[in-house]
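Residue numbers start from 1 in every chain, and the chains themselves are labelled A, B, ... in the order their sequence lines are given, proteins ahead of strands.
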Protein chains: 2
Amino acid sequence: MKKAEIVSLRPDDTSLPGNVKVTRQDWLNTALDLLVSDGVDKVKVLSISERLQVSRSSFYWYFKSRRDLLDGLLKHWEDTNTQSLVAQCALPSATITEGVCNLFCCFIDSENFNVQLDSAVRQWSRQSGAVRRIVDRADATRMAAIQAMFERHDYPSDEAEVRARILYYMQIGYNAVELSEPLEERLKRVPGYLLGFTGQAGRPEEIAAFACRSARKSDPLSGEIGIQV
Amino acid sequence: MKKAEIVSLRPDDTSLPGNVKVTRQDWLNTALDLLVSDGVDKVKVLSISERLQVSRSSFYWYFKSRRDLLDGLLKHWEDTNTQSLVAQCALPSATITEGVCNLFCCFIDSENFNVQLDSAVRQWSRQSGAVRRIVDRADATRMAAIQAMFERHDYPSDEAEVRARILYYMQIGYNAVELSEPLEERLKRVPGYLLGFTGQAGRPEEIAAFACRSARKSDPLSGEIGIQV
DNA sequence: TGCCTTCTGGACAAGACTGTCCAGTTCGGT
DNA sequence: ACCGAACTGGACAGTCTTGTCCAGAAGGCA
């Protein structure tokens, strides 16, 4: 019944085996889990302390206030999702099909891009002007990166913009709907999506390569999202 | 400083001039405004009563509990958005371009379909299993209606499905991003979207007709969304 | 006028949450 | 063994929220 039994699910978990001390990172990780699963309104100091099996007041050793914690979460989001999406877009690609596949990887491989975190932050932005501005800026950055990718593959600027929008909005929408379908189901529709997005059928080898790459990384969405009203 | 000065923004407002009584509908309308602008977590009995300039306890004359109110809001959503989307899809259309334009109307004309309510309910579904199930069912219903529209225009079943998904997810994503751009900006990209969605360029007259229809109904998104953390 | 139904407001209880204070524990270094 | 910094937990105050109770106001109608 010691604290060490609580293991954080985040990859950057700093808790070492035998280290029963709760760190600032533990608070952040647990808050992040809560943000992702229940939304920002459920990120409560008490809830986190209970998960950590630690007194609530310890929180104020690491953080000035709840607001301070929330700022940390937002910072984390800023430093991860947008950056990795932009990086995927900037990857060299022989064809546009390959470029779009690179981008798809963001949304399939949760190591690069946390889709649920993205939805949660977007939801959060609805109730905070400050968050809203940050999200808007991120959206603009992402959109520009996608558009630039199309332009590198010789799409005229205005067509590149429309295609970037279709692609980006569609992914945001897919994430928002959050249906947890098996990866094979998703992959089955990829050729159709590619045609819709690029306006041209990709070469079968390219698509197959992508499917293979995705399947290798596949990690089924872990856990249900079941919370009370 | 009497109650009558508070006027609800909803179209189905039942308050008559001179009627200073606050009705059940007033509570629902105000709650709906709050749900749309701030999210379900901000739908508080106290906040609504303050807006209505009425005692908080009056609420319990009209509603069994806060939960009861929330059920009412969800019911309202169920009875409006999905239904009108399905109706738009079912409208007879000479070409697929015209069909997609009909559907676009849903998202441009707020009389038919309240996009912000849709986002708010979707957000709500993240923290309530019951709401989640209802939203999932609505998504399935809508998707089927869009797919059926493509099939009526002779798209093979599997292609119709992929196209329906691109179209629907893209709209959900667009709503989620919630950028408030002027209608002309949006309309400018419509031909590009149409090409992406249907795989064929629509006839210019059709597109022009749609732009005209939209412009006529245009109502700029009223008000900012600025709330504290 | 007086009665009855409908509706309202003030007082109260209870719980959730934030943030503060402070005494006490733990652990590394000397 | 001792010291001090890092860290923890219990108690408390204050605010916000839901929900209950009940006295009483307002308006329609006999």
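Of the candidates dG10(C), dT18(C), dA6(D), the closest approach to any side-chain atom of Trp61(A) belongs to dA6(D). Here the nucleotide nearest the side chain of Arg66(A), chosen from dT18(D), dT6(C), dT18(C), is dT18(C). Taking every side-chain heavy atom of Ser57(A) into account, dC21(C) is the closest of dC17(C), dC7(C), dC21(C). Between dC7(C), dT20(D), dT8(D), one nucleotide has an atom nearer to the side chain of Tyr62(A) than all others, and that is dT8(D).
In summary, the side chains of Gln127(B) and Asp41(A) do not present any donor paired with an acceptor at a separation below 3.5 Å, with no hydrogens or angles considered. A side-chain donor-acceptor contact under 3.5 Å links Thr23(A) and Asp26(A).
We find that CG of Leu46(A) is positioned 15 Å from P of dG15(C), with the value rounded to whole Å. Per the geometry, CG belonging to Asp26(A) stands 15 Å off C1' belonging to dA6(D), to the nearest Å. For the pair Phe59(A) CZ and dT20(C) C1', the interatomic distance rounds to 14 Å; values are reported in whole Å. Separating the NZ atom of Lys44(B) from the P atom of dT17(D) is a distance of 5 Å, rounded to the nearest angstrom. One can place CG of Asp41(B) at 16 Å from P of dA16(C), the figure rounded to the nearest angstrom. Rounded to whole angstrom, the span from the OH atom of Tyr60(A) across to the C1' atom of dC22(C) amounts to 16 Å. Between the C1' atom of dT8(D) and the CH2 atom of Trp27(A) lies a distance of 10 Å, rounded to the nearest Å. Atom CD of Glu50(B) and atom P of dT15(D) are 15 Å apart (whole Å).
Closest-nucleotide positions on DNA chain C for Ser47(A) and Lys64(A) were compared, and the one nearer the 5' end corresponds to Ser47(A).
Closest approach of Arg126(B) and Leu35(A) over heavy atoms only: NH2-O, 4.5 Å.
For the pair Ser58(A) and dG9(D), the criterion of a side-chain N or O lying under 4.0 Å from OP1 or OP2 is met.
Aromatic ring pairs are classed by plane angle as parallel below 30°, tilted from 30° to 60° and perpendicular above 60°; the pair Trp27(B) and Tyr62(B) is tilted. Below 30°, between 30° and 60°, or above 60°: for Phe104(B) and Phe210(B) the angle between ring planes is between 30° and 60°, a tilted geometry.
A donor-acceptor contact under 3.5 angstrom links the side-chain atoms of Arg56(B) to the base of dG19(D).
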